[in-house]
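Report on the following structure.
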Amino acid sequence: MEWIADWLFVIPLAPLIAAVANFLLGRWWIRDRAHWIAVPAVGVSFLASVPAFLAVARQHEPLSQHLYTWIPAGDFRVPVVLSVDQLTAVMLLVVTGVSFLVHLYSVGYMHGDPGYHRFFAYLPLFVFSMVMLVLASNFLVLFVFWEAVGLCSYLLIGFWFRRRSAADAAKKAFIVNRVGDFGFSIGIMLIFVTLGTLDYAEVFERVGTLGAGTVTAIALLLFTGAIGKSAQVPLFVWLPDAMEGPTPVSALIHAATMVTAGIFMVARTHPIFLASPTAMLVVAIVGAVTAFIAATIAVTQYDIKRVVAYSTVSQLGYMAIGLGTGAWIAAIFHLFTHAFFKALLFLGSGSVMHGLHDELDMRRMGGLKRSMPLTYWTFLIGAAANAGILPLAGFWSKDEIIVGAWVGGYPVVALIALAAAFFTSLYMFRAVFMTFHGEERFDRAHLHPHDPPWTMSVPLVVLAVGAAVAGFAGVPPEQGWFHRLLEPVFESAMHHEVSLATTLAFGAISTVIALAGLYLAAAAYVLGTVSPAVVAERLGPLYRLAYNKWYFDDVYQRLIVEPARGFATFLWRQIDVGVIDAAVNGAASLVVWTSQLWRRAQTGLVANYVLAIALGTVIIVGAYLIAGSNLFR
Amino acid sequence: MAIEVLIFYLLAGVAIAAAAGVVLARNPVHSAVSLVLSFVNVAAIYVMLRAEFLAVAQVIVYTGAIIVLVLFVLMLVQQQDLPEFHGGRPLRRAVGFLLGLVLLAEVAAAILTRSLRGAPGSWPPEAVAAVGGNIQAIGRELYSVYMLPIQATALLLLAATVGALFLARPELIEERLAVARRLFTISLAHPRGVDPLQPVAELPGPHDNERKPAGGDRVLVMARNAEEFTEQPAWGEIRR
Amino acid sequence: MSELTTAHFLFLSAALFIIGMVGVLTRRNVLIIFMCVELMLNAVNVSFIGFAWEQNALTGQIFALFVIAVAAAEAVIGLGIVMALSRRLDTVDIDEVRQLRE
């Protein structure tokens, strides 16, 4: 399998070619045939990732392919090297695999859209950016594609840009990400200033030579980027709004190509974080807070995609907990399993929307179990995996993170994570019960929900199988196949010694908690023994806090957006119009005025022009005689 | 030596006098003739300066071609369009002469104080004689070193020809087309031919006695004479 | 002044040039002005050939040849303009042509 080292370029090149082809020719020629280019391209990318994965899984040595030297400036060289180690290989499989299924799903979902070719140009570009981000071997290339991923998310969230809400959501995603990226770029600059290199290996080698304060600053700045990209508190607000994009885009962003970038980046740069316990603590706390807040918000939402979106934020919080508490492999494992069930949940809700003509509000659904059996069962598997019900994927990875937090010396974080797990189970089954069980609350006269066509249902089935069995890659906990695979990457990290008793105890506890959430959801929405309205009223302010998303958006609106808008208006009205435009207009009118003055010199009489020429000749020859010749010397 | 100088003064004096005649002559034709005289004298001076080819070119191009052209134009231009000699404008005349005098003084000073001397060239008289004479030497130089400029000059002359054609054409293209259309239209039956831009005037109806006796079925309106219905001649007709 | 020097030719050139210039400045008939311009070009040729004679070089002569060629082109265009002027504006008086102002 070593031959793949020379063919690594195929993995990013195939989606790039598809994107370029659809960009250039889509509108004139390819049009509705765009998927014939995009889907096979991503498929090729996936097929090329498989041997790369097998190669590193067997030999434990990273593969690398030098493409070209991007910046050769004296001692500062930035080569573009594709490098694959075990972490990258896992990411490659997740990214290209999920992307391929999403592409396939989009063929059916986007059918008939006027921007079909545009969609299939952005989508492979997104995959290309993410693959390059994963394959990067230095911080500068990572940063470039980090931004490229942000750009693609902007383009795709605002895909239906004629809709004002979509355009606003795209801008919001882009701007909020800028906040994180600002810190990220400063972190990279700090690395370069202090270490003089941006290459991963060299940076990790020399991290030990830095002072504790510097390392902490670098780690926190890098994590700022991850906060933005991976939607952690307090920059998670863009992710739920990103629902404005087409549903396959949501699946792609949430499962494969966007939010995982932050987690991946922190895992990639784990030597820096390991050197700074403070930064690790911050990461763990941010993760715990995110997991809890997002889970509580998700319980109160009625928009099905929003519930799933907050669930993503919450699960990303779990991953951050794993990163912060030193359970690196568990975090990546959760990323891996999460990709399956989150893509599944999004594609499932997209399928529901497809059947109900773009209905999003769960209060106007219900009873879809009978008319959409395939969607129901796959969605149920995804929801159960997300909630952490026993043999499904989410249970293994989430439980491992909680155990890792407990063992790693962060019991409070572990308890918060357990609390969030309860809400996770509650909101997931609430969504299932409200959507698929109970009476049919939609307009039955006009809507006839049905299961989607094969291009949409095949990805659902594949992902459902993945969501069901992916967890067994990490069984038994801490010693599974997945752990042995990733061990070479995290060699320098500390290893948790987990006793069997602890593992079993936490497995039992989280199962009980998940079942409790399931029971509560069933009691409220199926059995009817608990009335959600009464509970909401009883909780009062707490409920309103969660329902209004902990007022993050309002606070931002009040404290940042409005002052910024006021300042911008001031700049526009006073500075721009009053000073800059006035200066330009003044210069123009000055020219007009002097031109009017000098216009009189143009008589139109050839004789006058001739006279001027002769006069000029006399003056120039005279000047020569005075200055240049030796007549007067 | 002295005889050479004498000849030079003679030629130069005639050239300058003729040049002054160009400026001073009342009749443009006299100006042109003076110009010829001046050019011929200058050509003679070229011969003194070992530039035989240029002397011949000067005579052929200037006195031959250009002056003939000038005389043709002079003939074509309406005589009443010519302005009178020195019609007023004494101020401008004074300024002109003053500027001329100042420039003359300046240039004379420049010539007399000239200190710059170029390096001697590669074509002394012996070398020119060795290749067979001035014309051969110029030819060698022109078609080896100055190949590109000579091509550019050819292009320039072509462009000038096209430009002259454009300037000298009688009317705008549309007008010419309209003329051609009118000319190539049988205008016996139609007052304005078939020109669609002009409304067709009321025609006199056909009378029996105006029918063409041996003609077939075609009704043919006979004009009484060509001038009655059209300003343009019919085919074969000569208009007075 | 017992033999010819370059200065002789330069003075001749200057005289011809300045006569031509005065003609351009004072006359009103476009045709005369045109002839005066030819006179000035010719005066420059005298300078060129005089220098070529002094330096034992052919460059000056060849330059004069190009000047003659350009003068021919200029004559063609200039006389075409005179014809157009006479036909459009019914004048060849330079003081009545004010179209350059617009």
Side-chain angles (χ1 to χ4, degrees), chain B residues 1-2 4-5 8 12 15-16 19-20 22-23 28 31-32 35 38-39 42 45-46 49-51 54 57 61 66 69-70 73-74 76-78 81-83 87 92-93 96-97 99-100 103-104 107-108 111 118 120-121 123-124 137-138 141-142 146 149 153 156-157 160-161 163-164 167-168, chain C residues 1-4 7-12 14-16 18-23 25-29 31-32 34-36 38-39 42 45-46 49-53 55-59 61-62 64-66 68-73 75-77 79-84 86 90-93 95:
Chain B
M1 292 302 162
E4 263 192 3
V5 180
F8 172 77
I16 290 171
V22 173
V23 179
S31 287
L35 194 64
S38 176
F39 281 175
V42 171
I45 287 169
Y46 286 175
L49 289 170
R50 298 199 303 267
L54 273 170
V61 175
I66 295 183
L69 211 55
V70 169
V73 171
L74 209 54
L76 285 171
V77 168
Q78 308 279 323
D81 290 349
L82 293 176
R92 195 204 291 171
R93 231 185 314 161
F97 278 113
L99 277 180
L103 192 60
L104 187 61
V107 174
I111 292 170
W123 288 95
I138 284 193
E141 194 83 341
L142 202 56
Y146 296 95
T153 312
L156 174 78
L157 288 171
T161 313
L167 282 169
Chain C
M1 285 289 179
S2 62
E3 63 181 287
L4 286 175
H8 284 90
F9 302 104
L10 293 183
F11 272 118
L12 172 63
L16 289 176
I18 284 157
I19 288 169
M21 191 183 91
V22 170
L25 283 174
T26 55
R27 295 303 299 258
R28 288 167 59 193
N29 187 335
L31 275 168
I32 307 277
F34 173 78
M35 288 192 265
C36 290
E38 298 291 339
L39 203 58
N42 208 50
N45 277 356
V46 173
I49 294 168
F51 281 122
W53 172 78
Q55 306 287 337
N56 282 333
L58 281 184
T59 318
Q61 292 195 20
I62 284 166
L65 195 63
F66 283 122
I68 290 175
V70 171
V76 169
I77 295 293
L79 291 173
I81 290 175
V82 172
M83 287 296 292
S86 136
D90 288 332
T91 184
V92 287
D93 187 345
D95 287 355

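Order of the sequence lines sets the chain letters (A, B, ...), proteins ahead of strands, with each chain counted from 1. All values below were derived from every heavy atom in this structure, side-chain atoms included, with hydrogens, water molecules and symmetry-related copies excluded.
For B/Glu141, the side-chain hydrogen bond (donor to acceptor under 3.5 Å, both in side chains) partners are B/Trp123, not counting sequence neighbours. Legend: residues meeting salt bridge (Lys or Arg N to Asp or Glu O under 4.0 Å) with B/Arg50, ordered by chain and number and at least two apart, are absent.
Minimum interatomic distance between C/Val22 and B/Gly100 (heavy atoms only, all atoms of both residues): CG2-CA, 3.9 Å. Nearest approach of B/Leu103 to C/Ile18, heavy atoms of both residues: C-CD1, 3.8 Å. Here the closest heavy-atom approach between residue B/Pro28 and residue C/Asn29 is recorded as CG-ND2, 3.7 Å. Of all heavy-atom pairs spanning B/Val61 and C/Ala72, the tightest one is CG1-CB, 4.4 Å. Here the closest heavy-atom approach between residue B/Val23 and residue C/Cys36 is recorded as CG2-SG, 4.1 Å. The shortest heavy-atom contact between B/Ile111 and C/Leu10 is CD1-CB, 3.6 Å.
Of the two parts of C/Phe11, the backbone and the side chain both hold a non-hydrogen atom closer than 4.5 Å to a non-hydrogen atom of chain B. Both the backbone and the side chain of C/Met35 come within less than 4.5 Å of a heavy atom in chain B. Using a 4.5 Å cut-off between heavy atoms, C/Ala71 touches chain B through backbone and side chain atoms alike. Contact annotation for B/Leu49: both backbone and side-chain heavy atoms come within less than 4.5 Å of a heavy atom of chain C. Heavy atoms of B/Val70 lying under 4.5 Å from chain C belong to its backbone as well as its side chain. With a 4.5 Å cut-off on non-hydrogen atoms, B/Thr153 touches chain C through its side chain but not through its backbone. For C/Phe9, the parts lying under 4.5 angstrom from a heavy atom of chain B are both the backbone and the side chain.
How far CZ of C/Phe34 is from CG of B/Leu74: 11.5 Å, rounded to the nearest 0.5 Å. Distance CZ/B/Arg92 to CZ/C/Arg28: 7.0 Å, rounded to 0.5 Å. In this structure, B/Ile66 CD1 and C/Asn42 CG are separated by 9.5 Å, a value rounded to the nearest 0.5 Å. Between the CG atom in C/Leu65 and the OH atom in B/Tyr146 there is a gap of 11.0 Å [rounded to 0.5 Å]. Here B/Leu99 contributes atom CG and C/Met21 contributes atom CE; the two are 5.5 Å apart, rounded to the nearest 0.5 Å. The line from CZ of B/Phe97 to CG of C/Leu25 is 10.0 Å long, rounded to the nearest 0.5 Å.
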Check step by step if side-chain contact (heavy atoms from CB on, under 4.5 Å) holds for B/Leu54 and C/Asn45. CA-CA 10 Å; B/Leu54 273 170; C/Asn45 277 356; over 6 Å; no
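Put simply, of B/Ala12, B/Ala57, B/Ala15, the one with the most heavy-atom pairs under 4.5 Å next to chain C is B/Ala12. The candidate from C/Val46, C/Val76, C/Ile62 with the greatest count of non-hydrogen atom pairs under 4.5 Å with chain B is C/Ile62. For the set B/Ile16, B/Val22, B/Thr161, the entry with the most heavy-atom pairs within less than 4.5 Å of chain C is B/Ile16. Among C/Ile77, C/Thr59, C/Ile32, C/Val70, the residue making the largest number of heavy-atom pairs under 4.5 Å with chain B is C/Ile77.
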